[in-house]
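Here is how names work: the chains are called A, B, and so on, in the same order as the sequence lines, proteins then strands, and each is numbered from 1.
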Protein chains: 2
Amino acid sequence: MTEHTEEVTPPRLENRTLREQVCAHLREEILSSRLAPGTELSEVAVAKTLGISRGPLREALGQLAAEGLVTITPRRGAVVTKFTRQEFIEAYQVREALEVLAIKLAVPRLTDAQRSRLHALADAMVEHAEQGDTRAFFESNKEFHRLLVVAAGNERLREMHEQLANQMGRLLAKSLELRGSIDQSVAEHHAILEAIDAGDARRAARLLEEHIEVPYRVLDSPEADELFDPTPETPLSGEDK
Amino acid sequence: MTEHTEEVTPPRLENRTLREQVCAHLREEILSSRLAPGTELSEVAVAKTLGISRGPLREALGQLAAEGLVTITPRRGAVVTKFTRQEFIEAYQVREALEVLAIKLAVPRLTDAQRSRLHALADAMVEHAEQGDTRAFFESNKEFHRLLVVAAGNERLREMHEQLANQMGRLLAKSLELRGSIDQSVAEHHAILEAIDAGDARRAARLLEEHIEVPYRVLDSPEADELFDPTPETPLSGEDK
DNA sequence: GTGATGTCGTCTGTTGACAGTTAGTTGCCA
DNA sequence: TGGCAACTAACTGTCAACAGACGACATCAC
């Protein structure tokens with residue numbers, strides 16, 4: 001409960017270290033899809049572009065690699081992470097488990113303000129769905145789930161969930177357009193909300209579990225091909241070079 | 001478990017980057033408790049000790065910070081992470097959620113070899129418990145849970161669980177000695193195994209959930225005081241400087 | 001004597017340059 | 001003409017040095 005709404009976060013006027021600034025900048029670039037998955041990040045090129053040295057940039061790339069946003073291959077450089085379908089499914093499963101934990105922890109702790117905000121977000125999702133605004137629908141949906149995680153009051157859980165949501169978000173943002181069953185999603189959210197209002201954490205968790213389920217349909221759609229790595233699942237022995 | 005005997009794992013003979021070597025070294029030092037929580041890691045001092053420059057060391061520290069093993073305060077340096085009780089509980093809750101997911105995924109996938117290994121580990125736990133060898137008991141217990149996570153076949157899940165287990169492991173290793181109810185733990189493991197053998201993933205998950213439960217008793221014991229950060233929970237409003 | 005203020009030392013943050021390796025390309029030979 | 005090999009170029013990994021910031025101590029004023 002350190003940050004309620006929007007605190008005056010600034011630690012101290014632009015006293016942030018260069019690594020942090022660069023890290024935040026690149027993170028924003030990646031999450032906004034201005035840097036597409038697979039984009040090569042040459043150290044000298046990026047450093048020159050940002051007008052800094054390679055040192056802080058390397059550290060920033062290291063941190064982003066730890067967050068899973070970039071993939072660093074020793075001696076080969078860094079690229080914006082490109083998931084394989086398998087990796088995406090794995091991340092989705094973990095995210096589901098974290099959200100199930102979150103809703104269990106959150107239900108007994110929810111304040112009236114948080115509960116009404118959940119209702120507002122669910123209503124917004126309905127509206128955006130009717131208007132066919134997939135972008136806005138996606139944002140409300142994301143915020144709905146994020147709020148549940150925040151309400152759980154587990155900072156560690158929040159961080160891990162944020163990382164997963166970030167990594168998958170930029171893919172989901174596009175794949176959502178391929179998804180037809182938005183109406184179903186809306187109904188599911190309302191069902192979850194009912195369980196929350198009733199204070200039934202177990203039922204809410206079960207509904208959420210069913211709600212999240214990996215959207216395999218999206219993964220198999222041909223439009224999603226370019227979003228994923230060509231799955232190098234070729235365990236053919238005898239390829240040591 | 002990266003170095004068994006002499007695996008071919010190393011990309012190429014000592015071709016590992018300095019950052020990786022230093023990172024692995026420090027990680028081992030921390031996990032083995034040779035570097036106690038709270039130990040300050042001066043860049044110049046550590047660099048001189050290891051006979052390397054500060055550059056790779058800084059990157060290694062950054063990675064360890066991402067793994068949660070060290071805590072870096074800008075302009076203040078790095079220290080071996082010291083959890084507060086609250087942070088420990090939070091990590092425990094997340095670990096529980098991950099293991100519940102793991103057992104659900106693992107049960108339908110378990111090979112005969114894996115199942116027999118689980119039985120062997122459970123038997124070893126019984127033996128170690130009878131002999132009062134808490135150290136060996138702890139190792140078998142850790143391996144039991146780790147194997148379940150590996151068997152889940154979700155690499156992402158395995159990594160996140162490994163991080164959590166590492167962070168909490170060095171504390172649990174000591175706190176286990178304070179724990180009296182080892183017998184109960186043994187019984188719980190066998191109950192879980194029964195459900196696994198029966199192929200009942202849901203029941204196994206429920207048993208595991210009850211089994212893990214945060215050992216608040218340990219956290220409240222006075223002997224554990226030195227292991228934790230003095231919990232700076234001082235939400236006294238009116239401290240804006 | 002207590003408080004604030006200025007100075008000093010040590011550490012981190014950052015920079016630029018050097019060295020090693022990798023990948024791509026060109027040339028040569030079969 | 002195809003394949004192998006050496007060469008070249010560009011990049012990353014590493015190092016040592018510079019500059020700025022923070023904390024501690026001493027000094028000074030009240």
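Here the nucleotide nearest the side chain of A/Val44, chosen from D/dC11, D/dA21, D/dG13, is D/dC11. Closest contact between the side chain of B/Ile52 and the listed nucleotides C/dT15, C/dG13, D/dC15 involves D/dC15. Here C/dT14 is the nucleotide among D/dC11, C/dT21, C/dT14 with the atom lying nearest to any side-chain atom of A/Pro56.
Atom CD of B/Glu43 and atom C1' of C/dT14 are 12 Å apart (whole Å). The distance from atom CG of A/Leu57 to atom P of C/dT14 is 12 Å, rounded to the nearest whole Å. Taking atom CG of residue A/Leu50 and atom C1' of nucleotide C/dT15, one finds them 15 Å apart after rounding to whole Å. Taking atom CD of residue B/Gln21 and atom C1' of nucleotide D/dG13, one finds them 12 Å apart after rounding to whole Å. Following rounding to the nearest Å, B/Lys48 (NZ) and C/dC11 (P) show an atom-to-atom distance of 9 Å. B/Glu59 places its CD atom 13 Å from the P atom of C/dT14, with the value rounded to the nearest Å. Between A/Glu40 atom CD and D/dA10 atom C1' there is a gap of 12 Å when expressed in whole angstrom units. Protein atom CZ of A/Arg16 is 18 Å distant from nucleotide atom C1' of D/dG20, rounded to whole Å.
Looking at A/Arg158 and A/Glu155, a side-chain N of the basic residue comes within less than 4.0 Å of a carboxylate O on the acidic one, giving a salt bridge. A salt bridge between B/Lys104 and A/Glu209 is present, with a side-chain N of the basic residue lying under 4.0 Å from a carboxylate O of the acidic one.
Base engagement by B/Arg54 is indicated by at least one non-hydrogen atom pair under 4.0 Å involving a base atom. A/Gly77 comes within contact range of the sugar-phosphate backbone alone, with a heavy-atom separation under 4.0 Å but no base atom that close. Heavy atoms of B/Arg19 sit under 4.0 angstrom from primed sugar atoms or phosphate atoms, though from no base atom.
The main-chain N or O of A/Arg16 is found under 3.5 Å from a side-chain atom of A/Gln21 such that the two form a donor-acceptor pair. For A/Glu59 (side chain) and A/Arg19 (main-chain N/O), no donor-acceptor pair under 3.5 Å exists by modelled atom type.
For the pair A/Pro74 and A/Ser53, nearest-nucleotide mapping onto DNA chain C gives the more 5' position to A/Ser53.
Between A/Arg76 and the phosphate of D/dC11, there is no side-chain N or O to OP1/OP2 separation shorter than 4.0 Å. Distances shorter than 4.0 Å separate some side-chain N or O of A/Thr17 from OP1 or OP2 on C/dT14.
By the 6.0 Å contact criterion, CD on B/Glu29 is enclosed, its count of non-hydrogen atoms from other residues, nucleotides or ligands being greater than 12.
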